[in-house]
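Presented below is the structure to which this report refers.
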Amino acid sequence: MKVVILAAGKTNYILKNEKIPKCLLKLNSETVIERQIRILNDFGVVNNDIFVVVGYKQELIKNTLQKDIRVIANEFFDTYDNTYSLYLGLKNIEEDVVVIDGDIVFDDKDLKKLLACEKDILSIKKTDNRYGETGVVIDDSGKVTQIGKHIENLEYCYTGIMKLLPDTVNELINKIEQGYYNTWYSIPLNEILRKCQINAMMFDKLVMDINNANDYDIIKKYLHVDNELILVTGASGLLGNKLYHILKRNHNCIGIQNTSSLEDLDNLDLSDLELLESYLKIKKPTTIIHTAALADPDTCKENRELAERINIELVNNLCKLSKDMKIKFIFISTDYVFDGKLNKEYDLDAQRNPLNYYGATKVEAEDLVLKHKDSLIIRIPIIFGYNHENDKRTFVKKTIEKLRANQEIRLDNKQVRYPTLIDEIAFEIEKNLKTKGILHISSPSPTTKYKWAKQIAKIYKLDESLIHENIDSCLKDRPSKIRLKTKNECQLSELEDTLQIMHNQQSCAFKLLYKGRANEVIYGKNVGSYRFNLGEMLKSAVPENVIDEIDSIMPVPSSGLYYAMGLAKGLKKPYVESLIKPDKKVRTFQIADIVSRERHIREKIYPIQELIRGKNIMLVDEAIFTGITLKVVCDMVKACGAGKIYIAIPTSLSKNKCHSYVQPNRDLLSQEYDETNIHRYFKIDGVFFQNSDTFIESMKDIDCVCYNCFV
């Protein structure tokens, strides 16, 4: 018996900012593929009988394999789907063979059962509606009657492991040679099911491929490798909300809030110690980041009882439970623990001497946290930033509102502050999740409220003459100047740059292109009408010979609907909704982690095979950044038996990473492909983009809209 491990495919998984094949992800002291081979060895499969098909970053994989394992190079891994890798692995095998996808983690007892079976076997499991699942239909006798990525809402799915006898291997090879190289191997496998009797075998233990960070977390927990879970308190607040979303890009993260908000977060009263303890025992976080606080000095002064309850008692509850349950505790403190009388930077161990009750509550809270050995205190100055339109009314927001209303403003020009953008604080917190003790995070830009307001007016193109210095202002219980001493590697942006970032976030083109509802008016434009017109303009980008071939225009729901309607009108082709998306709260644009998006895509889009089979399709979506969504959709449409597949995009190809933190710092598809060859990534017949000048012209009358990612 031989074993073929398929490990050639290109991955979107990023570990430590470097893309690596998923088979090389670590599980304790061994990688995924090393674990697969060890289990095979334990059951008597020798290395000489194991074939590993490699392609993407093949040298990395080869370096981890023992020399007596046979390696097959797939030089076309970037052109063909995994059927060609399977073909290379099977074509010289004339005996029983077990095929294992290289990113599969399985239980050894299940594999032993499959190895011992003397029939053609397709291993299956109960479906859990994850991205990448391949549906399986079985009859009453346990025979597989259908397999494919287009099969939805079924009880079973394929695990990525099968055993084939020689006659079935020959049938599969013959079918592949009929022109199935550029597909998923489930398609030719599905074609031979009428002729070959392949039996289903249920895997009872965990068996899972790694498609995203969440999958990796689940597997590590199952194998007791790692159970990281970060809990953010105050996750509906200004800093907490930003921190929650940024951490979700690379970590398993949950958030809690005290009252209902726009966020899909757990509601929990942190003052209820018994309820809090029960919650922590159920969720089992490994780190708590406490951002919830009463941060306004005047409110703290006026309502000391409330300030004490929120800023001290809640910290005491969390510290006590964190120590008892061995949870890392990170506490967000303030520069107001100092009095501002020091004529130099405040070091971590500088004497604390708060001038107001807000600072005093934070000092007392810090003392509680310091008793917890596995803790981190993070001191920050005044903060600002943008999550959504319902954010807390910070100084920046109030200033903009008043200036837009042509109201005069009188502001203090004595107290020096260091306003810091919440995005950059969140990134620094993420970098220091393993740090203990005390940490300072601060902008390098000193300013006063008067000077700050002038900068705000400049960035937002508002009337600076409305801003006046309040010469009668008195600092009262406010420190005159506090400059926190930060680590050398904590290099945050200047205030002017961060204000521009906030402005770009507020005026992001994607509100109009993607996030807004069709009936909304954004930047003075009706969203649905704008998208329809932009889709109609796209007709000039599609060649005449392609127009002649197209049977229907198919939108990617729901972002492509109005663009596709416009294009269908322009090309005079049928508009057909062959992809269905149930109504969901979560938008994949809002999911920052590139690999986590894949799971949501697969959960929410379902193809109608009868409207796709044999048709030449033009798919329409709003933009291409990483290509994740469209790659998944193309795979679905292929599995439904489409003829030719084209993609039309009403925006130009995104060639720049987002420097305003709206999207994560991730690789763009345009870094590897241009407009002429990007179809190779999707493995389809062509991709057409809106002319850049046409796209920019569509936004010419929108003031200060940010579309830097496109140009």
Side-chain angles (χ1 to χ4, degrees), residues 230-251 253-267 289-296 330 332 378 380-401 404 419-430 441 443 456 459-460 492-493 495 497-517 520 522-523 585-593 596-597 658-666 704-706 708-709:
I230 301 171
L231 169 64
V232 178
T233 71
S236 60
L238 187 67
L239 175 60
N241 191 253
K242 183 67 69 174
L243 180 62
Y244 169 67
H245 283 289
I246 284 177
L247 289 177
K248 280 175 64 180
R249 299 177 181 182
N250 303 304
H251 304 272
C253 182
I254 56 175
I256 58 175
Q257 59 188 344
N258 187 43
T259 56
S260 298
S261 75
L262 296 176
E263 292 292 321
D264 186 19
L265 302 165
D266 291 337
N267 286 5
I289 305 178
H290 183 50
T291 73
L294 185 62
D296 178 60
I330 298 177
I332 306 301
I378 299 177
I380 60 175
I382 188 170
I383 62 175
F384 71 98
Y386 177 78
N387 294 298
H388 45 68
E389 298 304 321
N390 294 313
D391 275 332
K392 172 185 174 183
R393 293 182 72 246
T394 60
F395 175 76
V396 176
K397 192 171 184 179
K398 291 175 184 176
T399 300
I400 293 169
E401 288 173 355
R404 283 178 175 165
T420 306
L421 185 69
I422 52 176
D423 305 69
E424 297 195 344
I425 292 174
F427 292 134
E428 288 299 315
I429 292 174
E430 182 180 28
I441 300 173
S443 157
I456 293 168
I459 294 296
Y460 283 81
L492 275 60
S493 305
L495 177 58
D497 295 329
T498 52
L499 283 170
Q500 185 63 59
I501 288 170
M502 178 178 172
H503 181 268
N504 291 347
Q505 291 175 351
Q506 290 176 306
S507 58
C508 176
F510 251 65
K511 289 184 180 180
L512 183 60
L513 293 168
Y514 178 81
K515 296 180 74 174
R517 296 187 304 273
E520 284 187 280
I522 296 178
Y523 308 140
K585 286 184 179 179
V586 178
R587 304 289 300 275
T588 54
F589 181 83
Q590 297 168 327
I591 302 169
D593 180 4
S596 294
R597 295 178 67 208
C658 176
H659 297 296
S660 298
Y661 311 138
V662 174
Q663 298 189 60
N665 183 20
R666 59 193 184 186
C704 298
V705 66
C706 179
N708 295 336
C709 51

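Just so you know, these numbers come straight off a predicted model, no measurement behind them.
Counting only distance, with no hydrogens or angles, the side chain of Gln505 and the backbone of Ser660 share a donor-acceptor pair below 3.5 Å. In this structure, Lys397 contributes its side chain and Glu389 its backbone to a donor-acceptor pair below 3.5 Å.
Around NZ of Lys392, the count of heavy atoms belonging to other residues, nucleotides or ligands within 6.0 Å does not exceed 12.
Remark: Thr233 OG1 to Ile330 CD1 distance equals 11.0 Å, nearest 0.5 Å. The distance from atom CD1 of Ile382 to atom OG of Ser443, rounded to the nearest 0.5 Å, is 11.5 Å. For the atom pair OH (Tyr661) and CG (Leu421), the distance works out to 7.0 Å, reported to the nearest 0.5 Å. Here the straight-line distance linking atom CG of Leu238 with atom NE2 of His388 works out to 8.5 Å at 0.5 Å rounding. A distance of 13.5 Å separates OG1 of Thr291 from NZ of Lys242, quoted to the nearest 0.5 Å. Taking OH from Tyr523 and OG from Ser507, the interatomic distance works out to 5.5 Å, rounded to the nearest 0.5 Å.
Under 3.5 Å, the side chains of Asn267 and Gln257 contain a donor-acceptor pair of N or O atoms. Judged by distance alone, the side chains of Thr498 and Glu424 never bring a donor and an acceptor atom under 3.5 Å apart.
Summarising the geometry of Arg393 relative to Glu401, their closest heavy-atom pair is NH2-OE1, 2.8 Å, with the distance given to 0.1 Å. Of all heavy-atom pairs between Pro419 and Leu495, the closest is CB-CD1, 4.0 Å. Tyr244 approaches Ile254 most closely through the heavy-atom pair CE1-C, 3.6 Å. The shortest heavy-atom contact between Ile246 and Asp423 is CD1-O, 3.8 Å. In terms of heavy atoms, Ser236 sits closest to Leu265 at N-CD1, 3.8 Å. Counting all heavy atoms, side chain and backbone alike, Ile400 lies closest to Ile456 at CG1-CG2, 3.7 Å.
Side-chain contact between Leu512 and Val705: absent, with no pair of heavy atoms (C-beta onward) separated by less than 4.5 Å. Counting heavy atoms from C-beta on, the side chains of Asn387 and His245 never come closer than 4.5 Å. No side-chain heavy atom of Ile332 sits less than 4.5 Å from a side-chain heavy atom of Ile425.
The one candidate from Leu243, Ile429, Ile256 that meets the side chain to side chain contact (heavy atoms under 4.5 Å, CB included) condition with Val232 is Leu243.
The existence of a salt bridge linking Glu430 and Arg249 is excluded, since no basic side-chain nitrogen approaches an acidic carboxylate oxygen closer than 4.0 Å.
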